[in-house]
There are 2 protein chains.
Amino acid sequence: MRITIKDVAKLAKVSPSTVSRVLTDHPKISTDTKERVWKAMKELDYHPNVTARKLATNATRTLGLVLPNDVKLLAENPFFIQVLTGITTYARQKDYYIILTNAGTEEDEIKTLNHLFRSNLIDGVIMTVVREEDKCAQFLKENNHPFVVIGKPEETDDMIWVDNDNFQAMYEVVNYIIRQGNTRIAFIGGSEALTVTKNRLSGYKMAITNRGLHVESELIKEVKFTEEEGYKATMELIKETTFDAIATTDDLIAIGALKAIRDTGKKDILVTGFNNTPIATYQNPPLTTVEINADKLGYYAAKLIISKLQQEESSLNSYIVDTKLIQHNE
Amino acid sequence: MRITIKDVAKLAKVSPSTVSRVLTDHPKISTDTKERVWKAMKELDYHPNVTARKLATNATRTLGLVLPNDVKLLAENPFFIQVLTGITTYARQKDYYIILTNAGTEEDEIKTLNHLFRSNLIDGVIMTVVREEDKCAQFLKENNHPFVVIGKPEETDDMIWVDNDNFQAMYEVVNYIIRQGNTRIAFIGGSEALTVTKNRLSGYKMAITNRGLHVESELIKEVKFTEEEGYKATMELIKETTFDAIATTDDLIAIGALKAIRDTGKKDILVTGFNNTPIATYQNPPLTTVEINADKLGYYAAKLIISKLQQEESSLNSYIVDTKLIQHNE
DNA sequence: AATGGTTATGCAAACGGTTGCAGAATGAAT
DNA sequence: ATTCATTCTGCAACCGTTTGCATAACCATT
């Protein structure tokens with residue numbers, strides 16, 4: 001038989017209400033009874049039934065998390081598991097729980113989220129993948145479901161979000177490249193429709209300009225986040241123009257670029273990536289890249305949404321996670 | 001105001017009990033009322049309150065999952081996120097939920113699991129990391145908490161587990177190596193205390209013997225699952241003996257081996273890994289490795305524990321997930 | 001018409017907590 | 001001794017389901 005609040009009450013010779021109040025550290029309970037109840041709880045090794053509490057308080061203290069279905073994407077990108085780690089770490093500190101599920105299409109995700117909210121399973125949700133004009137985000141907004149997104153959205157009005165300072169990060173990368181003595185620096189980035197790419201491109205341009213160099217459109221390529229695309233873009237660059245460094249927005253793209261450079265027998269072209277993935281670390285020589293601290297992104301995402309749910313006064317709407325240039329050259 | 005079972009009952013002109021019975025497809029409800037109730041549910045867009053149901057049925061339909069705290073380990077090893085994907089995929093099919101949390105030490109994990117079970121948050125747990133003489137597993141067993149482990153345990157009596165056939169997988173690897181014309185084949189594996197290493201080593205030995213070759217202890221090394229250890233072990237091998245191939249039990253070890261081979265200017269030494277990590281794919285040339293289908297491991301782990309919890313007759317106690325040799329040589 | 005056997009549904013008590021409100025107990029003030 | 005304010009605790013209703021038991025309604029049988 002499970003130990004319930006009644007058992008504790010009986011042993012401590014108080015009513016269940018009192019035990020409940022002791023649990024929540026209600027101010028009007030005398031130290032005396034508090035101690036009696038604590039003793040009883042310890043003696044019985046009492047664990048409150050969280051489900052019953054959820055029902056009574058109509059708060060689940062649970063956050064939802066929907067991962068994409070694509071195993072390959074998840075496996076290649078440590079980003080997700082790192083975000084996840086950050087989230088669970090903070091949630092645990094605050095006695096919040098995480099329900100994990102997955103979804104394929106955007107509609108699927110909406111259906112899943114709808115179910116989670118409407119069935120009283122979660123109080124809020126953390127979105128790790130935000131598309132342009134994201135239907136999920138729109139759905140959540142329309143239904144007044146609290147959520148936080150990882151990655152600064154286009155429209156930030158009453159949105160809660162965390163992100164790196166992508167402008168600043170790329171600015172530093174390009175500055176580093178220039179300090180290494182390079183002057184013609186190419187840029188290969190993901191879709192320019194994505195805010196993240198936009199910001200990184202701006203950082204690139206600003207660094208170039210500030211150092212008295214010129215932004216040249218023939219040095220700028222837009223591709224998908226894959227090795228192949230990085231390879232192709234680099235091949236085009238090699239054919240079309242000359243350059244002594246490439247700044248990319250993703251390690252996978254960078255790997256492709258490195259391969260193209262090897263295959264064409266080029267030398268001394270500095271390539272930089274983004275995200276500090278293991279793939280980068282184990283390149284030979286290792287790639288210069290940017291640590292985006294994905295676990296911190298998760299950590300602060302959880303923090304923001306939880307303080308919102310707790311209606312804390314101090315609760316912020318956004319947070320910038322620092323980045324770090326990782327120079328693997330010896 | 002939320003739509004409850006009472007609202008549905010009122011609209012369908014039945015009692016809440018009847019609605020509840022319709023929900024669970026109780027056989028004694030007439031098709032007539034069933035349809036009336038369904039219509040009412042649809043009209044009100046009713047979603048049952050899962051929390052209330054959990055309380056009433058004393059079953060949470062939720063599985064716990066505890067990840068290690070070590071971000072680096074998680075990021076380098078796509079294994080975890082793949083397992084996770086498999087789990088959520090199956091769980092979703094069966095309307096089960098996954099609660100995710102993390103823990104550092106073994107004691108921490110026990111504490112966490114204890115809390116999850118005692119607080120009525122989960123019905124069962126999936127263990128992804130099983131140590132030798134695992135205290136967690138012992139704790140779960142002693143307290144009669146249902147669990148499944150990924151990785152065949154030493155003692156399999158009334159344990160539920162899934163695993164690859166590690167013997168067979170390594171047997172095939174070594175056969176492949178031999179078919180490529182190699183005869184002196186080294187083995188670098190993780191701790192021999194781990195069942196997984198034992199089984200892979202047996203597979204190695206069997207393949208060697210079956211092909212009429214000899215097992216030589218100077219060709220066998222035991223290390224940790226890191227690149228450095230793989231590097232060191234290979235350096236030792238190079239110093240101490242000769243060989244034309246190395247079978248390792250992990251891609252990271254293999255990467256280290258490759259590096260040692262490069263650094264010493266050796267040629268034509270075939271190195272194989274295990275786990276088919278992205279790091280392997282993006283090696284140059286790509287590593288020959290073994291796909292262990294970690295997502296299937298998760299999928300079947302979820303399947304086994306769920307059928308156990310549902311007390312299905314057909315429920316198995318173990319499942320072997322197939323592996324596949326990935327030859328990246330062109 | 002009375003009886004009996006089904007079948008379909010409702011009643012009410014649970015599940016294990018929380019919480020507004022009432023009121024007992026205490027001490028201070030008149 | 002009475003009144004009042006204050007502090008602490010208990011009563012009972014409630015959260016939204018499920019489910020054992022009772023029973024109404026129906027049909028078939030005698």
Side-chain angles (χ1 to χ4, degrees), chain A residues 1-38 40-41 44-62 95 97 115-123, chain B residues 1-38 40-41 44-62 95 97 115-123:
Chain A
M1 214 49 232
R2 245 173 182 128
I3 305 294
T4 75
I5 205 169
K6 285 175 198 162
D7 302 316
V8 178
K10 204 168 288 173
L11 183 60
K13 294 202 196 333
V14 293
S15 76
S17 346
T18 302
V19 177
S20 172
R21 289 195 178 97
V22 172
L23 277 174
T24 50
D25 210 23
H26 190 106
K28 293 208 172 172
I29 300 289
S30 69
T31 338
D32 209 54
T33 52
K34 262 188 194 169
E35 259 155 27
R36 243 187 20 259
V37 172
W38 279 331
M41 294 198 302
L44 297 173
D45 190 21
Y46 167 67
H47 290 246
N49 184 322
V50 172
T51 304
R53 176 179 292 168
K54 283 180 184 174
L55 183 60
T57 57
N58 196 30
T60 65
R61 288 187 86 87
T62 304
D95 276 316
Y97 304 101
H115 171 246
L116 289 175
F117 274 110
R118 298 291 306 277
S119 305
N120 257 268
L121 278 160
I122 58 174
D123 296 336
Chain B
M1 214 51 234
R2 244 170 184 131
I3 307 294
T4 74
I5 206 169
K6 285 175 197 161
D7 302 316
V8 178
K10 205 168 285 172
L11 183 61
K13 296 202 196 336
V14 293
S15 76
S17 344
T18 303
V19 177
S20 171
R21 290 194 178 98
V22 171
L23 239 29
T24 51
D25 210 25
H26 190 106
K28 292 206 171 171
I29 301 290
S30 70
T31 339
D32 209 53
T33 52
K34 261 186 196 171
E35 260 155 27
R36 243 185 23 258
V37 172
W38 278 330
M41 294 199 300
L44 297 173
D45 190 22
Y46 168 67
H47 290 246
N49 183 322
V50 173
T51 305
R53 176 178 294 166
K54 283 180 185 175
L55 183 60
T57 58
N58 195 30
T60 64
R61 288 188 87 88
T62 304
D95 276 317
Y97 305 101
H115 172 245
L116 289 174
F117 274 109
R118 298 289 307 277
S119 304
N120 258 267
L121 279 161
I122 58 175
D123 295 338

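Within every chain, numbering begins at 1; the chains are lettered A, B, ... in the order of the sequence lines, protein sequences first and strands thereafter.
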Query raised in the report: With sugar-phosphate meaning primed atoms plus P, OP1 and OP2, does A:Thr33 contact a base, only sugar-phosphate, or nothing at under 4.0 Å between heavy atoms?
Result: sugar-phosphate

**Report entry** For atom CZ of B:Arg36 and atom C1' of C:dG10, their distance in whole Å
**Finding:** 13 Å

Query raised in the report: Distance-only, no hydrogens or angles: does the B:Arg2 side chain make a donor-acceptor pair with backbone N or O of A:Asn120 under 3.5 Å?
Result: no

Query raised in the report: Between the base of C:dG17 and the side chain of A:Arg21, is there any donor-acceptor pair under 3.5 Å?
Result: no

Query raised in the report: Distance check: side-chain N/O of A:Ser20 vs OP1/OP2 of C:dT18, anything under 4.0 Å?
Result: yes

Query raised in the report: Taking the side chain of B:Leu55 as its heavy atoms from C-beta onward, which of C:dG16, D:dC8, C:dT9 lies nearest to it?
Result: C:dG16

Query - Per B:Ser15 side chain, nearest of listed nucleotides C:dG17, C:dG10, D:dG16 - result: C:dG10

Report summary line: Here the distance between atom P of D:dG16 and atom CG of A:Leu121, to the nearest Å, is 14 Å

Query raised in the report: Mind checking whether A:Tyr97 and B:His115 have parallel, tilted or perpendicular rings, split at 30° and 60°?
Result: parallel

Query raised in the report: A:Asn120 has an atom CG; how far is it from atom P of D:dT17, in whole Å?
Result: 9 Å

Query - For atom CG of B:Asp32 and atom P of D:dC26, their distance in whole Å - result: 13 Å

Requested in this report: Walk me through it: do A:Ser20 and A:Ser17 pass the test side-chain hydrogen bond (donor to acceptor under 3.5 Å, both in side chains)?
Outcome: CA-CA 5 Å; A:Ser20 172; A:Ser17 346; over 6 Å; no

Query raised in the report: Under 4.0 angstrom, heavy atoms only, what part of the nucleic acid is B:Asn49 near: base, sugar-phosphate, or nothing?
Result: sugar-phosphate

Query raised in the report: NZ of A:Lys28 versus P of C:dT18: gap in Å, rounded?
Result: 19 Å

Query raised in the report: So which one's nearest nucleotide on DNA chain C is more toward 5', B:Val14 or B:Thr57?
Result: B:Val14

Query raised in the report: Does A:Thr4 place a side-chain N or O at less than 4.0 Å from the phosphate oxygens OP1/OP2 of C:dC15?
Result: no

Requested in this report: Salt-bridge test for A:Asp25 and A:Lys34: reply yes if a basic N is under 4.0 Å from a carboxylate O, no otherwise.
Outcome: yes

Requested in this report: Verify the contact: side-chain N or O of A:Tyr46 to OP1 or OP2 of C:dG17, cut-off strictly under 4.0 Å; return yes or no.
Outcome: yes

**Report entry** Residue from B:Val50, B:Thr62, B:Thr51 passing side chain to side chain contact (heavy atoms under 4.5 Å, CB included) with A:Leu121
**Finding:** B:Val50

Report summary line: note: A:Lys6, atom NZ; C:dT18, atom P; distance rounded to Å ~ 13 Å

**Report entry** Nearest-nucleotide pick for A:Thr18, side chain only, options being C:dG17, D:dG16, D:dT9
**Finding:** D:dT9

**Report entry** Interatomic distance where NE2 belongs to A:His26 and C1' belongs to D:dT7 [whole Å]
**Finding:** 11 Å

Report task. Answer with yes or no whether A:Ser17 presents, from its side chain, a donor or acceptor under 3.5 Å of a partner atom in the base of D:dC11. Result -> yes

Query raised in the report: What is the distance, rounded to the nearest whole Å, between atom CD1 of A:Ile5 and atom C1' of C:dC15?
Result: 13 Å

Query raised in the report: Do the side chain of A:Arg118 and the base of D:dG16 come within less than 3.5 angstrom through a donor-acceptor pair of N or O atoms?
Result: no

